[in-house]
Structure formats: C-alpha cells, structure tokens
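What follows is a short report on a single structure.
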Number of protein chains: 2
Amino acid sequence: MKLEENPLVEYFQVAIASSLVLFGFDGEELFILLSRKSHEPFKDAYILPGKYVKPSEGNDAVMHELLNERIGVNPDSIYLEQLKAFSKVFRNPLGRVVNIAYYALVKLTPEVKKHSNDFENDWIPYNKIPDLAFDHNDIIIYAKERLKRRVKRRPVGFNLLPEEFTLSQLQALYEKALNRELDKRNFRKKIFNSNLIIETGNQTDPNLYRKVSKLYRFDEEKYEKMTLKGYDFLF
Amino acid sequence: MKLEENPLVEYFQVAIASSLVLFGFDGEELFILLSRKSHEPFKDAYILPGKYVKPSEGNDAVMHELLNERIGVNPDSIYLEQLKAFSKVFRNPLGRVVNIAYYALVKLTPEVKKHSNDFENDWIPYNKIPDLAFDHNDIIIYAKERLKRRVKRRPVGFNLLPEEFTLSQLQALYEKALNRELDKRNFRKKIFNSNLIIETGNQTDPNLYRKVSKLYRFDEEKYEKMTLKGYDFLF
DNA sequence: ACAAAAGTGTTCAACCTACACCCATGT
DNA sequence: ACATGGGTGTAGGTTGAACACTTTTGT
C-alpha cells in the first residue's frame with residue numbers, strides 16, 4: 001500500500017530513533033559511552049550514541065549494527081535491554097521523533113576502548129556526565145536507576161567483568177553502581193553464600209599487583225537462574 | 001518544514017499507538033480491562049484499549065483522553081506509568097506501528113464498571129485473559145510482571161482500594177497480584193510495622209458482611225515516601 | 001450446629017550489621 | 001619502616017516463616 005492511500009496517513013509521520021546507554025567497567029571504574037557531535041547543531045556537544053530506525057528495520061537490529069560498527073563489541077556477547085520510549089513532542093525541527101532507549105553492559109577491555117574512540121566516542125566516568133543535547137541526560141538518569149535495580153536484584157558482573165576476576169573488582173563494581181561503600185567481610189560472605197562464583201585456582205599476576213589475590217569466575221548455570229529469578233537477598 | 005523537504009523523509013513514516021493495561025480491583029478480584037473489536041479484521045476479538053497518537057500529540061495526553069472518554073476514570077486520580085515500547089516490525093498492512101504501552105491502576109467501583117462497559121470494554125479476571133489480537137498478550141505478560149514487582153517493592157493499594165478498606169481486602173489484593181497465599185498473621189505484622197496504615201475507627205457495615213471488621217486508610221505522607229523509595233522489606 | 005471470616009503471639013532459624021587485626025609485598 | 005591491599009570471625013539485633021485457636025454472626 002502506498003502511503004498516500006493509507007487511511008491513517010496523518011499518523012504515519014513519526015520517526016523512531018534509538019539511543020544507547022552503554023555501561024563499561026574496567027575493573028576499577030564505571031563508564032558511560034558518549035558520542036561527540038561532529039556537525040552543527042550542537043557541534044562538539046556530547047550525546048548518547050544512537051541511530052534513526054527505518055520503518056522496515058527492527059530496533060534490535062539497529063542496536064546490533066550500532067554496537068558492531070561504531071562501538072566495536074559483539075552484540076551477542078553483551079547484555080542489552082530496552083529501557084523505555086522517550087516520546088515527548090520534541091522541539092526537533094525535523095518532526096516528531098520517538099526515542100526508544102536501550103541500555104547495555106560491556107567489559108571495558110583496551111580493544112573496546114580503542115575501537116570506540118576511533119569512532120568519535122568517549123568513555124566518560126559514571127559520575128562525571130556533562131550536559132548532553134536533547135533529553136539525553138534524562139535517559140542517563142533513567143538508565144542509572146535501572147542499573148542500580150538490576151545490581152541489587154540480579155547478578156550483572158558476568159557482563160561487566162573479565163572471565164576471571166578478583167573479589168575486590170567485584171566489590172568495586174557493586175560499590176560504583178550502587179554509589180555506596182560496602183563492608184568487605186559482609187560482601188564476601190554474601191557472595192560466597194550465594195554459590196554464584198567459583199574459585200579458579202589461578203591468581204593475579206605477581207608482576208602487576210602488590211600482592212597476589214585469588215581469581216574467581218561465575219558459575220554459569222547458577223548465574224542464568226539468578227538472571228531470570230533474581231537473588232534471594234538484596235544489596 | 002514540509003515533510004517532502006525533510007532530509008530524513010524516509011524515516012518519518014512510522015505511526016505511534018499507545019495501549020493501556022488497566023488493572024482494577026473490586027475488593028476481591030483483580031481484573032484487566034479489554035476492548036472488544038467492533039469491526040473487521042478480528043471482529044469481536046479482544047484487544048487492549050488503545051489509540052493512535054498523532055505526531056503533534058503527547059502520549060500522556062492521549063492516554064488521559066482514553067481514560068476520560070472511553071473508560072470513565074479521572075486520569076489525575078489514578079496511577080499511570082509507561083511500560084515500554086513494543087516495536088517489532090509488525091505484519092500490520094498499514095505500515096510500521098510502534099506501540100508505547102502503559103499500565104495503570106484503578107479502584108473498580110460500580111460506576112467505573114458501568115461507564116467502561118458502555119464503551120465496549122469488559123473487565124476480565126486477571127487469570128482468565130483470552131488470546132488477544134496483535135502482540136497484546138505479550139504486553140499483558142509484561143504488565144503483570146511489572147505489577148508484581150511494584151507490589152513487592154512499593155505500596156500500590158492506595159490506587160486500587162477504596163478510601164477505607166479492611167486488612168482482608170488488602171491481603172486479598174497482595175495475594176492476587178503476587179499469585180500466592182500469604183499468612184494472615186505475618187501479613188498483618190508486616191503491614192502494621194510499616195506504619196503505612198491508620199485505623200479509622202470505622203467498621204464495615206454489619207448488614208453487608210457476616211462479621212464487622214475494622215477499616216483502615218493509608219497514611220498519605222508515609223505512602224508518598226514509600227512510593228518514591230520503596231519498602232525496607234520485600235513481599 | 002455449623003460455616004465463614006476476624007482477630008491475635010510465640011518460637012526458631014536465617015540473615016544483616018558493625019567491627020579490627022594480621023599478612024605479604026613493593027617502595 | 002611504611003604504605004597498600006588481601007584475607008579472615010564473631011556477637012547482637014532484626015526479620016521471616018511456621019503454626020492454631022477463639023470470637024462473632026448468619027444460615
């Protein structure tokens with residue numbers, strides 16, 4: 001059917017865009033990926049990475065493209081979830097644009113850092129997000145709250161930490177995401193009691209750290225269960 | 001700017017619709033409001049109540065219209081929240097339609113029942129939802145999960161119960177929403193310890209029930225706080 | 001008399017919180 | 001020697017879960 005023949009033609013004049021709040025953790029700090037606008041308007045301003053979505057495209061497919069091409073991470077190996085639609089009637093002179101926002105979690109390896117930087121993106125510390133164009137600050141606020149809830153109720157470390165990690169790294173992740181300090185002994189008790197992690201027998205490289213520490217990995221089966229059902233406890 | 005001059009014209013060919021999952025509680029049972037389709041295709045099939053949104057309209061405004069006109073409840077006195085966008089590339093022959101779904105909670109008084117029935121809507125028991133057109137069953141599944149989470153973490157009774165209510169009604173609401181039975185004594189302890197409700201001094205009408213019982217109301221100040229911050233406990 | 005719903009306490013187990021010191025290593 | 005970060009246990013309070021009987025009133 002041609003658009004002109006559509007009885008609801010007056011409705012079919014909206015565009016979809018999808019923006020992504022991508023959280024990355026490097027073992028010490030939490031970051032959010034921001035894009036720098038290369039053209040006017042708002043040249044050099046930061047925005048969330050995003051794309052317009054054609055009527056024939058699925059949102060998920062567009063997000064996968066974005067992750068693959070402009071960010072350099074494999075979409076199948078990360079956690080990706082829709083946040084919600086931000087659908088205020090914008091002052092965008094081009095027309096009504098609905099932003100279907102996503103959030104995702106990624107291990108922040110040097111390779112990912114490099115690739116995403118090549119595409120005019122910067123990893124900005126979680127607590128130092130500047131003013132962004134449009135309503136993108138609202139989207140980030142919403143995403144941070146979602147992350148906080150997820151961290152409290154479900155395991156998220158698998159998506160943000162390397163295969164093998166130390167308990168200190170895990171704790172640092174929780175502290176950054178929840179924005180408060182946790183007691184080391186109580187944290188360890190809670191994690192061990194959950195049976196979520198397994199000692200690998202390996203240790204950190206003695207050349208890198210002052211003192212070696214034990215490395216752990218997630219019990220994937222248990223992790224899957226908790227991702228679906230949540231913890232029995234709360235952080 | 002005219003649409004034909006828009007450099008992104010190929011993107012501006014999407015329509016927005018908004019559907020509503022409206023939960024109602026009558027003191028005993030939880031219901032969801034469904035509309036009956038009066039025309040082909042899918043004549044007589046149930047769908048969620050909803051509307052198309054014009055490019056110039058805000059989603060919230062359209063939801064308010066829907067609630068006012070077709071359902072007969074004052075949008076300012078209920079709880080209304082966006083769920084998320086359902087944006088699969090539909091097989092809808094008219095084109096790409098993004099459904100920005102909402103959920104809302106309402107006290108199911110006889111007046112509301114009557115008004116919404118006048119507009120080809122039926123209140124269907126929560127656990128007896130039939131197959132719906134489009135992906136509306138998916139939306140309902142998502143909404144039920146959202147309600148469950150809200151019930152566990154935040155007070156929702158204020159929006160679903162009459163001004164004054166009995167503890168048995170409150171407990172019935174929690175049991176229906178969570179889909180499991182709760183121990184009466186433990187339930188009362190938990191509720192009383194939260195200081196969320198206040199004894200009004202009134203009792204149920206002796207002509208209506210076998211046995212009179214005490215009526216309570218919410219402590220609005222406390223309620224507001226918990227709506228923002230959540231309980232300190234979980235159900 | 002019986003069916004239906006209101007109301008009421010205690011005990012045990014599990015969990016949460018607060019809290020301090022020793023050890024190994026690199027500088 | 002000192003600074004850094006890894007690693008470990010206990011005690012007290014709070015909370016959650018399981019559990020049964022009495023009272024009132026309508027039929």
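Order of the sequence lines fixes the chain letters, A, B, ..., with proteins taken first and strands second; residue numbering starts at 1 for each chain.
Between the CG atom of B/Asp232 and the C1' atom of C/dT17 there is a distance of 15 Å, given to the nearest Å. Look at CZ on A/Phe192: it is 18 Å from C1' on C/dC15, rounded to the nearest Å.
The stretch residues 180-191 of chain B comes close to DNA chain D through B/Asp183, B/Arg185, B/Asn186, B/Lys189, B/Lys190, each having a heavy atom under 4.0 Å from the strand. The stretch residues 169-176 of chain B does not touch DNA chain D, since none of its heavy atoms comes less than 4.0 Å from the strand.
Relative to the ring axis of A/Tyr126, A/Lys176 does not place its NZ or CZ within 45° and under 6.0 Å from the centre.
The side-chain contact (heavy atoms from CB on, under 4.5 Å) test applied to B/Ala177 returns B/Leu30, B/Leu147, B/Val151, not counting sequence neighbours. Every residue was checked against the salt bridge (Lys or Arg N to Asp or Glu O under 4.0 Å) condition with A/Arg149, not counting sequence neighbours, and none meets it. Checked against salt bridge (Lys or Arg N to Asp or Glu O under 4.0 Å), B/Asp122 has the following partners two or more places apart in sequence or in another chain: B/Arg36. For the side chain to side chain donor-acceptor pair (under 3.5 Å) test, residues two or more places apart in sequence or in another chain that qualify with B/Asn121 are B/Ser35. Taking the side chain to side chain donor-acceptor pair (under 3.5 Å) definition, one finds that B/Lys51 meets it with B/Glu65, sequence neighbours left out. Applying the side-chain contact (heavy atoms from CB on, under 4.5 Å) rule to A/Pro162 yields no partners; only residues at least two apart in sequence or on another chain are considered. In terms of the side-chain contact (heavy atoms from CB on, under 4.5 Å) criterion, residue partners of A/Glu164 (sequence neighbours excluded) are, by chain and number, A/Thr200, A/Asn202, A/Leu215.
Contact annotation for A/Thr166: no contact, since no heavy-atom pair falls under 4.0 Å across all strands.
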Output one line per pair: protein atom, nucleotide atom from nucleotides 24-27 of chain C, and distance, for all N/O pairs under 3.5 Å.
from, atom 1, to, atom 2, distance (Å)
C/dT25, O3', A/Arg210, O, 3.2

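Heavy-atom contacts of chain B under 4.0 Å fall on DNA chain D between two terminal nucleotides, which in 5' to 3' order are D/dG16 to D/dG26.
Pairing each heavy atom of B/Leu170 with each of B/Phe218, the nearest pair is CD1-CZ, 4.2 Å.
With values rounded to the nearest 0.5 angstrom, B/Thr204 atom OG1 is found 10.0 Å from B/Asn207 atom CG.
For residues 224-234 of chain B, every residue pair satisfying the side-chain hydrogen bond (donor to acceptor under 3.5 Å, both in side chains) rule, not counting sequence neighbours, is listed here: B/Tyr174-B/Tyr231.
Between the B/His115 side chain and the B/Glu69 main chain, a donor and an acceptor come within less than 3.5 Å of each other.
At the phosphate of C/dA5, neither OP1 nor OP2 sits under 4.0 Å from any side-chain N or O atom of B/Ser168.
Side-chain contact between B/Lys190 and B/Leu182: absent, with no pair of heavy atoms (C-beta onward) separated by less than 4.5 Å.
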